[in-house]
Asker: 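Quick one: the structure is below, and I'll ask about it shortly.
Residues: numbered from 1 along the sequence shown. Only this structure's heavy atoms are used, side chains among them; waters, hydrogens and symmetry mates stay out.
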Amino acid sequence: MEFSCKEERLPSLEELWKRSSIKARTNLPDSNQNVCDYLYQSCKNNLSDVAIEYDPIYEVESTKITYRKLFQMIRAAARAYKQIGVKRGEIVTVCLPSFVESIVSFYALNLIGAVPSYIHPLASSEEIKYYLKETKSNTFISYSDNYNNFKDVVQELGIKNVIITSPLDALSLKVKLKLLLKGFKKNVDSYPEGYLKYQDFIRNGRKYFGKVRDVLLPTEMCAITRTSGTTGKSKGVMTSSFAFNEMTRQIAEETPNLFRGDKELLVLPPYPVYVICNNIHMCLSRGITVIVSPKVDYSNIHKYFVKYEINAIQAIPSIIDAMVNDLEFDKKNIDLGSLKFIVSGGGELTTRSKEDVTNFLRKHHSNINITVGYGLAEIGSCAVCTFGEKVKDGCVGRPLNDTKMMIVNKDTGKECTYCEPGEIYLTGPCLMNGYYNNEEETNEIFQVIKNNDGKNVTRLKTGDIGEIDEKGYLKYVGRDKRKTMIVDLANNTVSKISNEYVEDLIVGNYKSGTVMDSVVISVPSVKSLNKLKAFILVKDFDTDPKQISFEINEKCEKALRKGTSPIEYIFMEGVDAPLVSVPLTKAMKKDFKVLEQYERNHNYSSQPEIISTENGCKIKIKARVRIKKS
């Protein structure tokens, strides 16, 4: 059906996107059960199949973990958590990279009715302290290389149980022996009294002979993840087992070309809800083997396609770009004919990048198209997806089968018609239970409205701007929130940093002066996708920019995770009169766009740098202080 975008029709009533829906039949169990039971019911007849291939050292063969072994590991971990006193409803903080122990803990804690709270594996000491205090968590599991980052925090807070893992813990005895023969020596770490190395933790669990199973209801909170990885102030998203299972079902219905025995490469650590749900729970429940490496070598990602014949990869734009730019694919003439599903999420993939990916895939004998999508942690991560369909530039796909979408005019509160931009509203079975211990924010993001049959429906106000085209596909216009994605390729992590949070962090009194206000902007970076720069307004004209920059940077380095603090501090002053405010729009909001545009266009010349703002103010740059990063 073709019609003019000007016609007054309501997309949420017509749901044209359903015409493209596949909704294939799946063999998945009922979603109305906890995630651990769901996984077992999905795979109980295929216990000899390989669930995980663990590959911490590429040059050595991987450790294959069957579903039978995985369920044994889950039960052993569940007993171990019970032995150290973890009870039903208790929150356990998990701060791990792509380790098998992170996956095992997700299901083990679910089995005993406890709740994992996942935080970034490179979270700063300040972040770890914030999250532990927020959730009143008394059990903390992390890894040996992170010890210096958390040791003072857990001592200060008096955390009862501290469990330490190593990337080698999950290796099979056979692989460990091979490593010894190759001359590999494992560091023997010593920790304060009360710490438990993971293997000792598991052995200690053998002493437990009480009741293990104490599961939560499917609709109760199953896990806490973070809204964006934003330092210090990110909200804890409470997701239920039912939501995890429903996301698995909806994705499975749209990807019937993925089969039991296929292989997916895990390229991001399992701490965001998207990775835990779509890369771990969805794959394992469908019998798709997950290739787990604590530190994926992005610059040589071809190695994994040679070693494992990968069938699926769900990544972010920078990793997709790294794959396309890996020249070894051409040199070795690597055939990607077995690749069935390639996804780029968590950020925009440009039209040029899509073309490059398509050419790359065709060159290596793959006929699939890259899949892009849109979603938030608050609705189980993925809400809208292209599933490899060819769509217009800027379109991010159609809603999952049981996910509802509406575009709302922010001024009138009424639904927008086709091709009319407004705020994206979503609802569906994967909607979060709410923000942890934050009823005010929960009430603010949820809106209860009556649907066509008069029943109340809770919709999620995303804060993002989009429009629905004449075929029912979502075009993503932009964020109504200011967040910056920074990729750490060396450590296999991604951070989304709130620019507003960093601005608040910078403002304050320092030994060499006072920062009255700041505007933090995002600038492109080849190595990390984006970096931050901070425009600074100081109180006193004679403040030494270099000295106060070092003091600001020291504060940011302590509060923000490694590699995410601003790379440059830019000091502003008025041209015609003393500057009393950062650049503002006519609506009296920070005019970060004019500063972003200025940074894109200026040439660092020795001439005075003048910025004209929307409200008529003229500003010049007094000084720039570049921070050297280690």
Asker: For the backbone of Lys354 and the side chain of Thr358, can you confirm whether one donor and one acceptor N or O come within less than 3.5 Å of each other?
Answerer: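 Confirmed, Thr358 side chain pairs with Lys354 backbone.
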Asker: For the pair Thr458 (side chain) and Phe446 (backbone), establish whether a donor and an acceptor sit closer than 3.5 Å, ignoring hydrogens and angles.
Answerer: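 Checking the backbone N and O of Phe446 against the side chain of Thr458, no donor-acceptor pair under 3.5 Å is found.
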Asker: Under a 3.5 Å distance rule, please check whether Ser518 uses its side chain to pair with a backbone N or O of Ile536 as donor and acceptor.
Answerer: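 No, the answer is negative, given that no donor and acceptor are paired below the 3.5 Å cut-off.
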Asker: Taking Asn530 for its side chain and Met485 for its backbone only, find out whether a donor-acceptor pair lies under 3.5 Å.
Answerer: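 Flag set: sc Asn530 to bb Met485 pair under 3.5 Å.
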Asker: I need the Ile342 CD1 to Leu336 CG distance, nearest 0.5 Å.
Answerer: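 Rounded to the nearest 0.5 Å, the CD1-CG separation comes out at 8.0 Å.
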Asker: Within the side chain of Asp262, is there an N or O that forms a donor-acceptor pair under 3.5 Å with the backbone of Phe259?
Answerer: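 Yes, the answer is positive, given that a donor and an acceptor are paired below the 3.5 Å cut-off.
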Asker: Counting only heavy atoms not in Lys23 (residues, nucleotides, ligands), do more than 12 fall under 6.0 Å from its NZ?
Answerer: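 Counting neighbours around NZ of Lys23, more than 12 heavy atoms of other residues, nucleotides or ligands fall under 6.0 Å, so yes.
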Asker: Taking NZ, NE, NH1 and NH2 as the nitrogens, is one of them in Glu444 or Lys235 under 4.0 Å from a carboxylate oxygen of the other?
Answerer: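 Lys235 and Glu444: not salt-bridged.
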Asker: Looking at Pro583 and Val594, what are the two nearest heavy atoms and their distance?
Answerer: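 Heavy-atom minimum between the residues: CB-CG1, 4.3 Å.
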Asker: Given the rule in the salt bridge (Lys or Arg N to Asp or Glu O under 4.0 Å) test, do Glu134 and Arg226 qualify, once you have shown the distances and angles that lead to the verdict?
Answerer: CA-CA 12 Å; Glu134 179 196 39; Arg226 299 289 152 181; 2.9 Å; yes
Asker: Look at atom CZ of Arg600 and say whether more than 12 heavy atoms of other residues, nucleotides or ligands are closer to it than 6.0 Å.
Answerer: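 Enclosed.
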Asker: With a 4.0 Å cut-off on N to O distance, would you call Arg249 and Glu246 a salt bridge?
Answerer: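 A salt bridge is present here (some side-chain N lies under 4.0 Å from a carboxylate O).
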Asker: Salt bridge or not between Lys590 and Asp517? Use side-chain N to carboxylate O under 4.0 Å.
Answerer: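 Answer for the salt bridge query: yes.
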Asker: Look only at the side chain of Asn34 and the backbone of Leu216, and say whether a donor-acceptor pair between them is shorter than 3.5 Å.
Answerer: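 Absent.
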Asker: Asp326 side chain to Ala322 main-chain N or O, any donor-acceptor pair under 3.5 Å?
Answerer: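 Checking the backbone N and O of Ala322 against the side chain of Asp326, no donor-acceptor pair under 3.5 Å is found.
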Asker: How close do Gly388 and Asn369 get, counting heavy atoms only, and between which atoms?
Answerer: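 Closest approach of Gly388 to Asn369: O-ND2, 3.1 Å.
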Asker: Measure the spacing between OG1 of Thr219 and CG of Asn32 and express it to the nearest 0.5 Å.
Answerer: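 Going from the OG1 atom of Thr219 to the CG atom of Asn32 covers 7.5 Å.
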Asker: About how many Å separate CD1 of Ile497 and OG of Ser234, when rounded to the nearest 0.5 Å?
Answerer: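 Output value for this atom pair is 9.5 Å.
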Asker: Go through Asn279 and Glu264 one step at a time and tell me if the side chain to side chain donor-acceptor pair (under 3.5 Å) criterion holds.
Answerer: CA-CA 8 Å; Asn279 300 93; Glu264 170 158 333; 2.8 Å; yes
Asker: Does atom NZ of Lys475 have more than 12 heavy-atom neighbours, drawn from other residues, nucleotides or ligands, at distances under 6.0 Å?
Answerer: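 For Lys475, atom NZ is not crowded (no more than 12 foreign heavy atoms under 6.0 Å).
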Asker: Is the backbone N or O of Val357 less than 3.5 Å from a side-chain atom of Arg362, with the two atoms forming a donor-acceptor pair by type?
Answerer: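 Judged by distance alone, no pair lies under 3.5 Å.
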Asker: Is there a side chain to side chain donor-acceptor pair (under 3.5 Å) between Glu440 and Tyr435 once you walk through the steps?
Answerer: CA-CA 9 Å; Glu440 182 180 349; Tyr435 294 126; over 6 Å; no
Asker: Is a salt bridge present between Glu470 and Lys392, judged by a nitrogen-to-oxygen distance below 4.0 Å?
Answerer: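 Yes.
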Asker: So how far is it from Ile224 CD1 to Ile119 CD1, rounded to the nearest 0.5 Å?
Answerer: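 That separation rounds to 11.5 Å.
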Asker: Please check: side-chain N/O of Thr248 versus main-chain N/O of Phe244, any donor-acceptor pairing under 3.5 Å?
Answerer: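 Between the backbone of Phe244 and the side chain of Thr248 there is a qualifying donor-acceptor contact (under 3.5 Å).
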Asker: Atom CD1 in Ile291, atom CG in Leu266: separation rounded to 0.5 Å?
Answerer: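 Going from CD1 on Ile291 over to CG on Leu266, the span is 9.5 Å.
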Asker: State the CD1-SG distance between Ile251 and Cys385, to the nearest 0.5 angstrom.
Answerer: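 Reported value, rounded in 0.5 Å steps: 6.0 Å.
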Asker: Could you go through Ser20 and Glu389, starting from their C-alpha distance and side-chain angles, then the distance that decides it, and tell me whether this counts as side chain to side chain donor-acceptor pair (under 3.5 Å)?
Answerer: CA-CA 9 Å; Ser20 303; Glu389 300 169 22; 4.6 Å; no
